[in-house]
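The structure appears below as structure tokens.
Below, read A as the first sequence line, B as the second, and so on, with proteins coming before strands; counting in each chain starts at 1.
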Amino acid sequence: MSASVSPSVQAAELPSTNGKTEQPAAGETTATNGTSPKPAAATPAKQQQANQAAANDGSQPNTSLYVGELDPSVTEAMLFEIFNMIGPVSSIRVCRDAVTRRSLGYAYVNFLNSNDGERAMDQLNYSLIRGRPCRIMWSQRDPALRRTGQGNIFIKNLDEGIDNKALHDTFSAFGNILSCKVAVGEGGSLGYGFVHYETQEAADNAIEHVNGMLLNDKKVYVGNHIPRKERLQKIEEAKARLPTCKSRGFGFVNYEHHDAAQNAVTELHDMDFHGQKLFVARAQKKTEREEELRRSYEAAKNEKLSKFEGVNLYLKNIPEEFDDERLREEFAPFGTITSCKIMRAPSGISRGFGFVCYSAPDEANKAVAEMNGKNDG
DNA sequence: GATGAGCGC
């Protein structure tokens, strides 16, 4: 025998919302006793067929609701009291475990008249039943839509003041919402939630417009919902691909044939690669590479030396208060100065020596002849 | 920081 409860007694105490005689919503129950009215005709068979047909072709029958997030203590009778205020209810069923009969936390509410479902959705969604906000959706027997996750989005960093209704109101601007919920714990909002749209277009629209925006002064994240399993899997994949230590910025590629290696050097050396100039050259032994670097450093040094040969003057006992400009003024009369520098400590204080470089040796010679040993006074 | 659960007589 079914454990469903006939709500006819409670129903009799409710104010009639439509002036007509209340229909006892006993359609789902097989329990009868001598005093209750005859089990209601509930939804006429034809109406049920029509509803089912409508549900099958994707449109809504407007009369069948799924009511979720119910406390296990919620009964058909309680739901009848609430939903029959909207319009005559034809039947209610709280789904229960077949063995333990414990409530599975959801129920079906069927209305007699079309559009009462819509009104119930508007007026009762997220209302508290036994202290818990219920979540109302259209009854959708075909599980395909729920399984694909199409149009399902995830929102995080929600202000604690944002509840189901507020979340629904914010996100209803982007499309038709099938289901919406803020995750809650003992202390209220957990700061994240879900909005499942009818279409992926609506979801994309919501992501585009709300991701990174302020909601109650908090910058929220909005993205496609990724099931936990998939997410963990992605994290693992990412870990596997990432190096465990920092790259030193160089590596080696071995080709099978010399031609290919040669070609790589020709084509890739100095090429822009992720914003950096790529260095591609024949791989050298460490000692070979060190030798080459030492030689090129030596060459650069020699070039500098020869460049300054005969034109660069070393000066010492430069007055402490001199700056480069003042030094330049002193030495300008003897030729064209190409560079001029007083050496300084990191603190900026003059070290009392420096360099003046002329464009030609005879200029430098003239400066030495005129300035060497000269007192600044 | 965080990625639910869910569809019947």
Side-chain angles (χ1 to χ4, degrees), chain A residues 1-6 25-31 39-45 47-49 51-52 54-56 58 60-61 63-70 72 76 79 89-98 101 103-111 117 125-126 132-160 162 164 167-168 177-185 187-197 203 206-207 211 218-235:
Chain A
M1 183 176 260
S2 164
S4 304
V5 174
S6 166
E28 300 288 341
T29 182
T30 57
T43 313
Q47 177 68 52
Q48 279 204 348
Q49 279 166 13
N51 289 350
Q52 193 53 50
N56 287 343
Q60 294 299 340
T63 58
S64 277
L65 299 179
Y66 165 97
V67 184
E69 320 295 326
L70 297 175
E76 277 89 353
L79 294 173
V89 164
S90 66
S91 65
I92 293 180
R93 162 171 292 243
V94 170
C95 294
R96 298 176 182 281
D97 181 276
R101 305 309 298 164
S103 166
L104 296 173
Y106 65 91
Y108 297 99
V109 173
N110 300 307
F111 285 99
N125 204 3
Y126 313 121
R132 279 172 49 164
C134 68
R135 179 168 55 90
I136 306 177
M137 299 168 65
W138 294 110
S139 169
Q140 175 63 63
R141 298 181 104 109
D142 180 2
L145 197 66
R146 291 190 290 275
R147 295 215 182 113
T148 62
Q150 279 272 319
N152 203 6
I153 62 171
F154 171 73
I155 303 110
K156 67 179 173 184
N157 206 27
L158 282 172
D159 183 82
E160 60 178 12
I162 295 175
N164 289 332
L167 191 69
H168 188 116
I177 294 174
L178 300 177
S179 166
C180 166
K181 185 168 113 180
V182 172
V184 288
S189 170
L190 293 175
Y192 64 93
F194 313 89
V195 174
H196 196 162
Y197 286 102
I207 292 166
N211 186 29
K218 286 189 79 171
K219 191 173 166 182
V220 294
Y221 165 88
V222 185
N224 280 311
H225 172 267
I226 305 162
R228 189 184 164 78
K229 262 192 212 154
E230 245 174 74
R231 206 173 130 263
L232 294 177
Q233 203 175 310
K234 269 188 191 169
I235 290 168

Correct closest heavy-atom pair for A:G117 and A:W138 would be C-CH2, 3.6 Å
How close do A:N110 and A:S64 get, heavy atom to heavy atom, and via which atoms? OD1-OG, 2.6 Å
I want to verify a distance call: between B:dC7, B:dG8, B:dG6, whose nearest atom is closest to the A:S64 side chain? B:dG8
Of all the nucleotides listed (B:dA5, B:dG8, B:dT3), which has the minimum atom distance to the side chain of A:H225? B:dT3
Determine the contact category for [X]: base if any of its heavy atoms lies under 4.0 Å from a base atom, sugar-phosphate if only primed atoms, P, OP1 or OP2 are that close, otherwise nothing.
X	answer
A:R228	sugar-phosphate
A:G191	base
A:P227	sugar-phosphate

When you check the phosphate oxygens OP1 and OP2 of B:dT3, does a side-chain N or O of A:R231 lie under 4.0 Å from one of them? yes
Would you say A:Y106 reaches B:dC7's phosphate, i.e. side-chain N/O to OP1/OP2 under 4.0 Å? yes
Value in whole Å for how far the [atom2] atom of [N] lies from [atom1] of [X]:
X	N	atom1	atom2	answer
A:L178	B:dC7	CG	P	15 Å
A:K229	B:dG4	NZ	P	11 Å
A:I155	B:dG4	CD1	C1'	12 Å
A:W138	B:dG8	CH2	P	18 Å
A:L79	B:dG8	CG	C1'	14 Å
A:I235	B:dG1	CD1	P	14 Å
A:I226	B:dA2	CD1	P	11 Å
A:M137	B:dG8	CE	P	13 Å

N/O donor-acceptor pair under 3.5 Å between A:N224 side chain and A:I153 backbone: no
Which label fits B:dG4, syn or anti, where anti is any glycosidic angle not within 90° of 0? syn
B:dA2 base stacked by A:F154? Criteria: ring centres under 5.5 Å, plane angle under 30°. no
Aromatic stack A:Y108/B:dG8: centroid gap under 5.5 Å, interplanar angle under 30°: yes
Is the positively charged end of A:K156 above the ring of A:Y192, judged by distance under 6.0 angstrom from the centroid and angle within 45° of the axis? no
Salt-bridge criterion met for A:R132 and A:E69 (N-O under 4.0 Å): no
